[in-house]
Amino acid sequence: MGDEITATHYTREERQRYREKVQLCLDVFERILATATFDSDRDDPLTGLEVELNLVDADRQPFLGNLAVLEEIADPAFQTELGAYNIEMNVPPRSLVGDAAMGLEQDLRTSLDAADAKAGRRGADIVMIGILPTLMTEHLARPDWMSPSARYSALNDMVFAARGEDVHLDIHGVERLSLYASTLAPESACTSVQLHLQVAPQDFAQHWNAAQVLAGPQVALGANSPFFFGRELWRETRIELFAQSTDTRPQELKNQGVRPRVWFGERWITSIFDLFEENVRYFPALLPEVSDEDPVSELEAGRPPKLQELRLHNGTIYRWNRPVYDVVGGAPHVRVENRVLPAGPTVVDIMANVAFYYGVLRVLAEDERPVWSKMTFPAAEENFREGARLGFDAQLYWPAIGQVTVDELVLRRLLPLAHEGLERWGVGAAVRDRYLGVIEQRAMSGRNGAAWQAETVHALEDRGTSRREALTQMLTLYLEGMHANEPVHTWPVP
């Protein structure tokens, strides 16, 4: 969805042409998978990272001025996001072999510190968090809530044209939130870390299946979004908020079983083609822009086609583990984009989540009798929802164990796999010990970002502080911990 578009409205003829072009791209993609040489190296994987960020003012309220901040930062690695109080940082792909992850941690800290200093010149601070806790309904009622962009405007219009009515947000958690939204503004509250892994096409299915299995423990362990619009909801409210706020289906289509665009999926796969085929079969276009590329001619000329229509369509279907096809430097590649994790709380916490994910993923994907062959797909989806809803309090299903607490699953089963997987990647022992040590202590303490936020707000409220003021004070303390880069499980609760 990173590509800008040129139109905000489309004719019926344009939609028909787009459908035909997407189908043509899908046919060509099938040929590419069978015949092309892909850029992939199994023993030295390229990993990429995107971090979505929030902007706040001196009072810790949303700062709706991302264009001014980006002008000050003046770095192409930082881009706009949907909300005018959001920006995104893109980290170039790199190997994690040896001690490279330590260098990545330092680079992330250096880049974020420099960007934060420049944002300060415009009166803003940068926050890495899953949902900005001081964001309230009045902020998103402002006409300038959205970043100026034809892409965002068209997406907003097309989602609500497809629905034909406002979105009903109804989230039941520790507390309940129920309200109607007439724009995509609530979706802008969802800020995540996206992890990319480039793989060979023939290895994609087992990596995607493994990522789906891992999603439940992953979100429970890394949850960092307990508050939205002043209410305490899920431990990772971002998951349910994103699903509801971008839902193009009115209630009648839900009743018919029409698939949502924010989608966990419905089956284990045998090829990356399965996912792109589902995209084309089940989902109408939201942004039907047709490019000039003739993918058949490009392929027959020996050049890998960009398949722009197929990629744009894929970008408007929000799988938690998304398939990606891209062409870089004249070579095609495919990758798994993991979208499960929230941003923050610190760079070291993000790096710990990264190490845990890539380590466990490697072992699960290479298992001769893979875990998904012993587990139903609905069980993996239920794990994901329970992990997002309850965090460390969730009970998850795992083959050969049955129902198990998150801490026990992580400490007894998954952490050893993460160590083994990182060793297979060639990651150095010091790196493994640093980051997986953070995961171990987080699991033992039961305190992730969501738990710390909730505990802190409760402690402040117990002293008579109002919810809004407690959220503001908590965010001030959160920023102190974020900049100190000490793991969140070590942060004191006031």
Side-chain angles (χ1 to χ4, degrees), residues 40-51 91-109 193-200 203-204 206-222 321 335-341 345-372 387 398 406-444 448 485 487-489:
S40 59
D41 187 338
R42 185 180 177 81
D43 295 323
D44 188 13
L46 283 178
T47 60
L49 188 67
E50 302 170 59
V51 185
V91 180
R94 65 175 74 192
S95 166
L96 293 181
V97 169
D99 62 356
M102 297 284 201
L104 175 57
E105 179 185 350
Q106 186 56 51
D107 289 349
L108 282 172
R109 289 196 68 191
V193 167
Q194 292 139 36
L195 308 180
H196 293 255
L197 179 64
Q198 185 174 316
V199 297
D203 296 329
F204 181 92
Q206 55 262 46
H207 282 86
W208 187 85
N209 289 342
Q212 293 286 96
V213 170
L214 188 53
Q218 187 187 15
V219 73
L221 187 63
N321 286 293
R335 59 185 191 265
V336 181
E337 180 190 6
N338 177 265
R339 303 163 53 81
V340 168
L341 291 169
T346 65
V347 170
V348 71
D349 281 302
I350 288 175
M351 291 304 303
N353 293 338
V354 167
F356 178 78
Y357 170 73
Y358 285 128
V360 178
L361 190 71
R362 172 80 184 241
V363 176
L364 293 183
E366 293 181 348
D367 197 338
E368 289 186 1
R369 193 183 170 208
V371 65
W372 58 89
W398 200 260
V406 173
D407 60 338
E408 183 176 356
L409 178 60
V410 170
L411 293 169
R412 293 195 177 186
R413 287 296 179 101
L414 300 183
L415 257 182
L417 297 185
H419 275 282
E420 180 183 347
L422 292 179
E423 190 171 10
R424 291 186 196 180
W425 286 130
V427 174
V431 175
R432 301 197 302 269
D433 291 344
R434 172 168 171 74
Y435 298 129
L436 296 183
V438 171
I439 295 296
E440 180 181 31
Q441 292 302 312
R442 190 192 301 167
M444 290 176 66
N448 51 23
N485 198 39
V488 70
H489 69 265

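Since the structure is predicted, the reported quantities are computational estimates derived from the model, not experimental observations. Below, all heavy atoms of this structure are taken into account, side chains as well, without hydrogens, waters or symmetry copies.
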Measure from the side-chain N and O atoms of Asp349 to the backbone N and O of Val488, and report whether any donor-acceptor pair falls under 3.5 Å. yes
I would like to know whether Val97 and Trp425 meet side chain to side chain contact (heavy atoms under 4.5 Å, CB included); could you show each step before the answer? CA-CA 6 Å; Val97 169; Trp425 286 130; 5.7 Å; no
Between Leu108 and Leu49, does the side chain to side chain contact (heavy atoms under 4.5 Å, CB included) criterion hold? Intermediate values first, please. CA-CA 10 Å; Leu108 282 172; Leu49 188 67; 3.8 Å; yes
Closest non-hydrogen atom pair between Val410 and Pro416, with its separation: O-CD, 4.3 Å
Arg413 and Trp398: which non-hydrogen atoms are nearest, and at how many Å? NH1-CD1, 4.1 Å
As an exercise, state the distance from CG of Leu197 to CG of Leu96, rounded to the nearest 0.5 Å. 9.0 Å
Can you tell me if Thr47 uses its side chain to pair, donor with acceptor, with the backbone of His196 under 3.5 Å? no
Once you round to the nearest 0.5 Å, how far does CG of Leu436 lie from CE of Met351? 11.0 Å
Could you go step by step and tell me if Glu105 and Arg109 meet the salt bridge (charged side-chain N to carboxylate O under 4.0 Å, His left out) rule? CA-CA 6 Å; Glu105 179 185 350; Arg109 289 196 68 191; 5.5 Å; no
Interatomic spacing from CZ in Arg432 to CD in Glu420 - rounded to 0.5 Å: 10.5 Å
Any side-chain heavy-atom pair from Tyr358 and Leu195 closer than 4.5 angstrom? yes
For the side chain of Asn485 and the backbone of Val348, is there at least one donor-acceptor N/O pair under 3.5 Å apart? yes
Can you measure from CD1 (Ile439) to CE (Met444) and round to the nearest 0.5 angstrom? 13.5 Å
Looking at every heavy atom in both Ala355 and Leu422, which two are closest together, and how far apart are they? O-CD2, 3.6 Å
When rounded to the nearest 0.5 Å, the distance separating CG of Leu214 from CG of Asn338 is 7.5 Å
Checking Asp99 side chain against Val431 main chain: does a donor-acceptor pair fall under 3.5 Å? no
Sub-3.5 Å donor-acceptor pair from the side chain of Trp372 to the main-chain atoms of Val213, do we have one? no
Is there side-chain contact between Val354 and Tyr435, with heavy atoms separated by less than 4.5 Å? no
Which pair of non-hydrogen atoms, one from Val336 and one from His207, has the smallest distance, and what is that distance? CG2-CB, 4.1 Å
Side-chain touch Leu411/Glu440, heavy atoms, less than 4.5 angstrom: yes
With a 4.5 Å cut-off on side-chain heavy atoms, are Pro217 and Leu414 touching? yes
Between Arg94 and Gly103, which heavy-atom pair has the shortest distance, and what is it? NH1-C, 4.1 Å
Are Phe356 and Val438 side-chain neighbours, meaning at least one heavy-atom pair lies under 4.5 Å? no
Given side chains that start at C-beta, do those of Asn353 and Gln218 come closer than 4.5 Å, heavy atoms only? no
Does any non-hydrogen side-chain atom of Asp433 lie less than 4.5 Å from one of His419? yes
Backbone N/O of Val363 and side chain of Arg424: donor-acceptor pair under 3.5 Å: no
So do the side chains of Glu50 and Glu337 get within less than 4.5 Å of each other, counting heavy atoms only? yes
Ala210 and Ala365: which non-hydrogen atoms are nearest, and at how many Å? CB-N, 4.0 Å
